[in-house]
Asker: 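Please find one structure pasted underneath; my questions will follow.
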Number of protein chains: 2
Amino acid sequence: MAHLPSLQHPGFNAGVPMPTFHSSERTEQALALSEAFCRARGARLTPIRRRVLELLHSAQKPLGAYDLVELLGSQGHRMAPITIYRALDFLIEQGLAHRLASRNAYIASSSLTGARTTTAVLICEVCGDVSEVASPDVAETVTKVLREQGYQPRSRILEITGRCSHCRDDH
Amino acid sequence: MAHLPSLQHPGFNAGVPMPTFHSSERTEQALALSEAFCRARGARLTPIRRRVLELLHSAQKPLGAYDLVELLGSQGHRMAPITIYRALDFLIEQGLAHRLASRNAYIASSSLTGARTTTAVLICEVCGDVSEVASPDVAETVTKVLREQGYQPRSRILEITGRCSHCRDDH
DNA sequence: TCACATAGGTTATAACACTACATATTTGAA
DNA sequence: TTCAAATATGTAGTGTTATAACCTATGTGA
């Protein structure tokens, strides 16, 4: 194994960005936007948090907290689960990531709308594929129901299960 | 499927003690309906499954699997967690109960519509209060989104987080 | 520069869920 | 009626996910 960048003793808010692995351009772009987003809100996207977010963006599927422990561990200092959970808590708080409760897994948010919007996530029950859709209709209907019931709207994520177009019965 | 009468939801309230050992009339009614429902479908509502369902109906809040282990254990022979999980699997399969993934907890279904409908569950993020609402609008919108995305609709439960009328900011 | 808030490290454990296999009970067809 | 198959439960152990408690390091601002 070649020399790998280490996350050991990273320092906080280091001026120089961490070197990263095979991040796609799209991922880089998302990270740049996230950084600007956090800076604007006075939130600190530290190296660990940034790295977790990067992995979530790079992954083609939802990642479990312990997947992240493995991934990060294989690239340097192995972190305790609690460290990952704390990073995830931050990212979710900022609306940069979502927790998929039905799968005990986490995904990067596909848009930087902040934490207070309704997001629908379609989960294929066959292949596990996940796609985030912005549906004003669903958001609106949900808001209406919340209001009718006297509920105060909050950031929320709708996990909707079905079979994706590739896994349908009729294919 | 025959249209079965809907059970009135009690309206879960915060700070209520754990369920009693004596079933309310409402619970008895729900169990009688569930029995008929299962009989009609050739499903076996065994004593264990019936007891779990009874506890879920009696409870004023979602119960965790291990809550059920405790409750059942305190009333007789202590069962292994797997026994509870198997009973829950059955109840969910039949649409008699729902799993709230976001809370790792289970509730009795408030209506006997079977497992293949869209149900919305409102969860108060402050007091943990849960109420199940039948919203044709939400169900319809969700179905539409699924169709637009090429997803094949499936049984699903929407967990919607907010603040209930008692826990709103403006109170 | 120093007090305070925030981020992360370390160790341990809590909480939730299931595997594998044995035994018991029910069902339905011969 | 009988018996093989399917279903339901018992038992022991393990896997997986998430957090508690306490400490150290770093960033922030008066």
Side-chain angles (χ1 to χ4, degrees), chain A residues 6-16 18 35 38-39 41-53 56 61-73 75-94 96-107 128 159, chain B residues 35 38-39 41-53 56 61-73 75-94 96-107 128 159:
Chain A
S6 168
L7 287 176
Q8 246 166 334
H9 309 116
F12 295 100
N13 285 346
V16 183
M18 294 291 299
E35 261 167 8
C38 286
R39 210 175 308 121
R41 309 176 99 199
R44 287 151 70 182
L45 188 62
T46 61
I48 290 180
R49 292 166 175 176
R50 192 185 193 282
R51 193 76 187 92
V52 169
L53 183 58
L56 290 177
K61 57 176 184 180
L63 297 178
Y66 283 75
D67 291 338
L68 289 162
V69 170
E70 285 302 316
L71 285 167
L72 283 166
Q75 296 165 22
H77 174 61
R78 185 183 191 83
M79 286 165 194
I82 186 69
T83 300
I84 303 299
Y85 281 106
R86 289 194 278 226
L88 288 169
D89 283 347
F90 170 85
L91 295 172
I92 291 166
E93 188 89 11
Q94 300 300 322
L96 299 174
H98 300 301
R99 170 173 144 81
L100 300 185
S102 64
R103 323 196 100 228
N104 292 319
Y106 304 82
I107 56 172
E159 298 175 42
Chain B
E35 258 165 10
C38 286
R39 211 175 307 120
R41 310 175 100 200
R44 288 152 69 184
L45 189 61
T46 61
I48 289 180
R49 293 164 175 177
R50 192 185 193 281
R51 195 76 189 90
V52 169
L53 182 58
L56 290 178
K61 59 176 184 180
L63 297 179
Y66 283 73
D67 290 339
L68 290 162
V69 170
E70 286 301 316
L71 285 167
L72 284 166
Q75 297 165 24
H77 174 62
R78 184 183 192 83
M79 286 165 193
I82 187 66
T83 301
I84 304 300
Y85 281 109
R86 288 194 279 227
L88 287 168
D89 283 347
F90 169 86
L91 296 173
I92 291 166
E93 188 90 11
Q94 301 299 322
L96 300 175
H98 300 301
R99 170 173 146 79
L100 300 186
S102 64
R103 321 197 100 231
N104 293 320
Y106 305 84
I107 58 172
E159 298 174 40

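Chain identifiers are assigned alphabetically (A, B, ...) following the order of the sequence lines, protein sequences preceding nucleic acid strands; residue numbering begins at 1 within each chain. Remember, it's a predicted structure, so these values are computed and weren't measured experimentally.
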Asker: Can you measure R51(A) atom CZ to dA7(C) atom C1' for me and round it to whole angstrom units?
Answerer: 19 Å
Asker: Just jot down the side-chain contact (heavy atoms from CB on, under 4.5 Å) partners of T83(A), sequence neighbours excluded, or say none.
Answerer: I48(A), M79(A), A80(A), R86(A)
Asker: Does the side chain of T46(A) get closer than 4.0 angstrom to OP1 or OP2 of dG8(C) through an N or O atom?
Answerer: yes
Asker: With a cut-off of less than 4.0 Å, is there a side-chain N or O of T83(B) near OP1 or OP2 of dG10(D)?
Answerer: yes
Asker: Take the protein atom CG of L72(A) and the nucleotide atom C1' of dG8(C), then report the distance between them rounded to whole Å.
Answerer: 14 Å
Asker: Grab the CD-C1' distance between E70(A) and dT16(D) for me, whole Å please.
Answerer: 13 Å
Asker: Take atom CG of L45(B) and atom C1' of dA8(D), then tell me their distance rounded to the nearest Å.
Answerer: 13 Å
Asker: Can you tell me the distance, in whole Å, between the NE2 atom of H77(A) and the C1' atom of dA7(C)?
Answerer: 14 Å
Asker: Could you state the atom-to-atom distance from CE of M79(B) to P of dA12(D) in whole Å?
Answerer: 15 Å
Asker: Considering only NZ, NE, NH1 and NH2 on the basic side and carboxylate oxygens on the acidic side, decide whether R103(A) and E159(A) come within less than 4.0 Å.
Answerer: no
Asker: If every non-hydrogen atom of L72(A) is compared with every non-hydrogen atom of R51(A), which pair is closest and at what distance?
Answerer: CD2-CG, 3.2 Å
Asker: How long is the span from the CD1 atom in I84(B) to the CG atom in D89(B), to the nearest 0.5 Å?
Answerer: 11.5 Å
Asker: Whole angstrom is fine here: how far is it from CD1 in I84(A) over to P in dT10(C)?
Answerer: 13 Å
Asker: Scan nucleotides 15-29 of chain C nucleotide by nucleotide, 5' to 3', and note B when protein non-hydrogen atoms come under 4.0 Å of the base, S if they reach only the sugar-phosphate, - if neither.
Answerer: -BBBB------S---
Asker: So, taking the atom named CG in L88(B) and the one named CG in L63(B), what distance separates them when rounded to the nearest 0.5 Å?
Answerer: 9.5 Å
Asker: Looking at residues at least two apart in the chain, or sitting in another chain, which of them share a side-chain contact (heavy atoms from CB on, under 4.5 Å) with A43(B)?
Answerer: C38(B), F90(B), Q94(B)
